[in-house]
Amino acid sequence: MANLLKNRETQLAAVIVLMLVLIAFVNPDFIAPSNLLSVYTESSILIILALAQMLVVLTRCIDLSVAANVALTGMVVAMINSQYPELTLPLVIAAGVVLGTLLGMINGLMVWKLGIPAIVVTLGTMSIYRGIVFLISNGEWVNSHEMSLAFINTPRTEIFGVQGFAIISLLIIAAIYIFTEKRPLGREMYAAGNSPTAAFYTGIDVGRTQFWAFTISGMLSGLCGYLWISRYAVAYVDVALGFELQVVAACVIGGVSIMGGIGTVLGCVLGALFLGVINNALPVIGISPFWQMAISGSVIVIAVIANSRAERKVGRIILRKATLARG
Amino acid sequence: MALKKLLATAIVTATMTTAGIANAADTRVGLVVKALGIGFFEAAAEGAQEAAKELGDVEVIYTGPTTTTAEGQIEVINSLIAQKVDAIAVSANDQDALVPILKKAQQRGIKVMSWDSGVAPDGRQVHLNPSSNALIGEMNIKLASDAVKATGSDSGEIAILSATPTATNQNIWIEEMKKVLPNYAGLTLVDTVYGDDLADKSYREAVALMKNHPNLKAIVAPTTVGILAAAQAVQDEGKIGQVYVTGLGLPSELAGHVDSGAIKSFAIWNPIDLGYSATMISYNLVKGNASDSEVGMGRMGTAKLDADGSAAMAEPFIYDASNVHKFAEIF
Amino acid sequence: MDGIMSQTTQAKATTGVSWTSRFKTWEAFLLLITAAVFVLNTLASPYFLDPWNLSDATFNFTEKAVVALPLALLIICREIDLSVASIIALCSVVMGLLAEAGFSIPLLVLGSLIAGTLCGLLNGVLVTRFDIPSIVVTIGTMSLFRGITYIILGDTALKSYPSGFEYFGQGYVYWVFSFEFVSFLVLAAVFYFLLHRTNFGRRTYAIGNNPTAAFYSGINVARHRLILFCLVGLFCGLASVMLTSRLGSTRPTIALGWELSIITMVVLGGVNILGGSGTISGVVIAVFLMGMVTFGLGLLNVPGIVMSIIIGLMLIAVIAMPILLRRFKQRRS
Amino acid sequence: MHQPTPLLELRGISKTFPGVKALDNVQLSLYPGRVTALIGENGAGKSTLVKTMTGIYQADAGDILFDGCRVHLSSPEDARALGVTAIHQETVLFDELSVTENIFAGHYLKKPKTGALDWKRMHERAREILLDIEAPIDPKTRLKQLSIGQRHMVAIARALSFDARVVILDEPTAALSHHEIEELYEIVERLKAQGCAIMFISHKFDEIFRIADYFTVFRDGQYIGQGGIEEVSEEELVRMMVGRTVDQVFPKSEVDVGAVVLSVKNLSHPTEFDNISFDLRRGEILGFYGLVGAGRTELMQALFGVSKQITGEVRLKGKLLKVSSPAEAISEGIVYVPEERQAQGTILELPIFQNIGLPQLSTINSSGILSTKAEYEVADRYATRLRVKAPTWHEKVENLSGGNQQKVVIAKWLATKPEVIILDEPTKGIDIGSKAAVHEFMSELVQEGLAVIMVSSELPEVMGMSDRIVVMHEGLSVAELNRADFSAEAIVSAATGGGH
């Protein structure tokens, strides 16, 4: 029990619950189950991208190009849909996912094969991918009436009152959980990030795990490209502008260590939900929109301080006395 | 040296895409917009080309920054000054920050005007409002009133969803709206929120408006991104028929939402006309065909300048289910 | 020789050897590209080779370049600051408020410099006291600082700057040489001296290459990094003076998104993002290179977003080139 | 003696690193069911050979034969596929992962149909293996919660989790207690019985004579000889190892021991060491002996101001010291040559003269402006005195051999004119020539009146060079012996917890 209380995920969940209680004082409707569900639905894309980012960060890299990837794949699927409305939706989505995967692979290859630091690679591809959105669209928008109804409405379909967006994110959470807990590649990402040297000694190719982390990140970004466009029913160059920082922030708040090797699916999801609740609650409880940015900034700072205290390296315990005292 | 090759290719491509430069026209007008890739401005550029064709000896350089920042516009204006264009017509991201650079342009003998979103009088000779600000303000409130009526009641709550808190024209219009609001007894303005012209933020703000004000009848969004996102939000929240979205938007972007019923009616001036007029005014400024009180706008007639050098182009036009599809083809 | 190369050293080995031997190659390489761009620009546009136009063009990058100088030192020291643009904004607000209260120009400048330094100090304290990676800290403070400007300004602007204040961003020292540009050149010289000719610079390299060994050699690593964070903040304050003076007004969106172009300048200048190597001359050349590419393309009215593709490609290509060349050489030998 | 056919055979293996020929045409044979001891000084190339055999390094030349067939080991996986497994000198494990995962990383057990990881089976198997080696560790614990000895047992468990045919033990007992060492011997016997070929690397001759069947000797990266362990004496082995007789190795000079310089009373740390007291006199070399992880390094780092949370009292020449950073320790006259030379001692990317100048930049360049000339002169004086071998002092430290790197570290500290110099494993991993030079230099230093503390895991070194020895075990000072009372048995028994 004491262990559970010390657990970072429990603490974060407690903070979120506390926050909801406080919000409920101002606006009781906010914690109505239907509204909480819609807050979750609204956070779906952030959750998926945060999980993708977590895999990359686990391997000691960072992917700043996710938002640009979302914009590019989103524009491409929107353009395909508006030009060929008769094309079946699964095919359109598949095109987005494949393109996103390829974009992720480009990042991954440069990190793996050329050994360029991930931050430099993705800083570059971030500009390039977003620039390509402009080139292919010629700066023009794809508007809702140019998209097919199936394209816009499929993720909105409700199953037992839950929207497709939420269901997809739940499936992705489950998939990433299985991947990180049950799949060798998932475990190797933890190992590679925790100690690249030890990983090498155990026969794990660190660069390869990084490549796959970027690939999965790209794949999920591609999926989110479609989700984003159908959610807001418009595609343009500045889609998801600056979203990469929110995604990284969600990971950081969720306890994913930027130094690699540490982070859980649950923590990451909670981190994204935390930001999701703040984003959705501030306008509702009537805090001036001008305060939003400062509040989320402070939250990030506080979260990293809290995490760093929790993570603080415990010295190698040599003394038996100390061992006993701790046990 | 792949890089050099790359650069060379890039520059060659760039030269080809802007091949117009080579045909040295007599008068060159730099049409600077808030940011590239916004439908409204693309349409305005079309109008500018129309004017150039009509005049014959005019070349229009359509340009703008990547994002709606003043610094980006300054950079763009800098390169226009370097190219020694004859006139600059700008829709400003910031009415004050552009003043120094535009002053410099004027010192170098370039005629400067602003259109759509204005620059402080120090920085330009003429400002062309798409319509008079008062008219736009009133139009928006009238639309809101219509929307409230469409829900079947005479009175009700309305809210404003704006773009960035710093957008010049938005703020002026909101002020004008507040001025005429007392004339509409049934309307109560309950909130003003900002979506920063980002689809996701505007969407969230619109959802929050509906949650916070269960009796809300209309959302007025005098910005093309905002109105789009709000309409989507109304639809997603299942509030069609209870809450109507209105404001300023482009027929091509909003046709779908008019069909869905989230938008009853909205207004916009014709951006093609606006671009056309701005180009005509610039041309007349260069040629010295302007007085302190008026300047010609070709087929759009003559603009009457007030003491500040501001003029209004025309009245905004209202679009609804009856005409939106016809105009959606155009802009 | 010991074990395999760690991730860091592996990447370090690929981006360069050391700053001394690099001087012969990296700077020369950059200079060559810069010269090529210069020639191409001259050929491509008749307006390029004009002293006033070139002088005007410097305004587009000088303020960023002023921040790039101390940031280069910080990155060499294995830290990073993503909050620089937000600090510039916050400093601008401080100046705007002081101006509103009727303070004189020297006090405005002083206010901005102090505000910047304090922001840097906050970053530095968070990084060194709590031992948190600076990239995470500054992602947070980036929102925090910018958020404060929104809280203070909301939808209003500050523009009651006293007359004479415009000199910092618009004035000329001599002929076409603006105050901004001359200041940058002087500061570049100062930073060259600081990094390459003083104890401080030597310690910066030592920490960047091996913080543990530097600490064991009696260098106060935490304090050194703290000073560098403050220095970056101070120069953000200075850049803010120039930018605010050039714009003549302050809004919360001022300098939005600058952090990435500033970091791009530094990395393009051959500073290893993982720390340990880099030179001021490289950064200065990269500043000119970027300035010239964007100005040249601007003269051809290439949209900014297309330029950003080119800058992005350049960034990756310039980093990848030495690695590919070395591979190629190894394969042949 | 009849020899079976070797299971693993290395022929003519060479491996060169920039500037160093680590292995030069060496050979080695390992036989099934037999233990072969690989003997050589630090720097003889043993670790490089281990890495070559486990696919971490690829040899520049030579053949590896497994069961008589030529094999190419291009990655650790290749080696593992053949059943070649090693327990490395330094445990390379994952702090944040569970014990089970440390054992199975890279060769996870999977469910046959889905290919999903079978944690249940892995935990069970891990528990079995750990029980087998009598290491009472819960397989679900995170590694960072374990002690050094326990980590070592995990590393051994990892090696045993493979279907091992060749097991390499690289100094496996350095961090183990008495009991654990006995346990290890049993494991080795069991592996022998299973027909594994075992390579055993150790410095301890009693161990070698106890469990090895054959021996192979390397010196300076070259093959010197091999044979059956019964056919050789300890003296012969030592001669093969060092190329000369033993008593020449330690140039311990007689120095008059002076007044107390450093006095430590009841120094304690919450987790690393407890209640340590000792005095250090002018002209004295005080040795600290103990197993890896006994708390010696932590104690020295505390004296140097690296560790915080220290209680107790440290006096330098009677003056109470409160150092909270290396900078303060250096200015008081205490300097520390760390064990991790490359990670802590030098900045490899910087030239020699800059490394030497680093701790006293502000003294050399009092104006804050670099004077390369002044710096170079200081470096020249001390590097010359320590006979650092390099073309110029502009050479980067990374291009030097281990021994010369160590000399640079010592030169760096001498230039600060210290009162007390602490040397932590000063001859670890350096060649025999440099080793002797460092020892000679230590003697010179004490003659000049310095006080020296030397931490060492090498019994001959600590016995050869020290005036007194403090033995540490699990963070406690368990014995203090004067030179007259030195005996290997007493020291080792105290260090492995035998005295309790």
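The shown structure was predicted, so the numbers you read here are calculated from the model rather than taken from an experiment.
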Checklist entry - In terms of heavy-atom pairs under 4.5 Å with chain B, which of C:Leu153, C:Leu54, C:Leu247 leads? => result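 Ranked by contacts with chain B, first place is C:Leu247.
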Next on the checklist: Using the rule given for side-chain contact (heavy atoms from CB on, under 4.5 Å), can you reason through C:Arg146 versus C:Thr149, listing the C-alpha separation, both sets of side-chain angles and the distance that settles it, and then say yes or no?
Outcome noted: CA-CA 5 Å; C:Arg146 176 82 64 187; C:Thr149 68; 4.2 Å; yes
Contacting region of [X] [heavy-atom separation from chain B under 4.5 Å]:
| X | value |
| --- | --- |
| C:Asp56 | both |
| C:Ile254 | both |
| C:Phe59 | side chain |

State, without any angle test, whether [X] and [Y] hold a side-chain donor-acceptor pair at a distance under 3.5 Å.
| X | Y | result |
| --- | --- | --- |
| B:Ser114 | B:His127 | yes |
| B:Asp96 | C:Ser249 | no |
| B:Asn78 | C:Asn60 | yes |

Checklist entry - For B:Leu80, is it the side chain, the backbone, both, or neither that has a heavy atom closer than 4.5 Å to a heavy atom of chain C? => result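 Side chain only.
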Checklist entry - Where on B:Glu75 is there a heavy atom nearer than 4.5 Å to chain C: the side chain, the backbone, both, or neither? => result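 Contact with chain C: backbone and side chain both.
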Item to check | Most contacts with chain C, counted as non-hydrogen pairs under 4.5 angstrom, among B:Ile101, B:Ile74, B:Ile81 | outcome: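 With the most close heavy-atom pairs to chain C, the winner is B:Ile74.
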Next on the checklist: Let's test your reading of the structure: which of B:Gly72, B:Gly30, B:Ala97 forms the most heavy-atom pairs below 4.5 Å with chain C?
Outcome noted: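 Looking at each of B:Gly72, B:Gly30, B:Ala97 in turn, B:Ala97 comes out on top.
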Item to check | B:Glu175 atom CD, neighbour heavy-atom count above 12 within 6.0 Å | outcome: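 No, not enclosed.
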Item to check | Sole residue of B:Ile158, B:Val220, B:Val180 in side-chain contact (heavy atoms from CB on, under 4.5 Å) with B:Asn140 | outcome: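 Of the listed options, the one satisfying the test is B:Val220.
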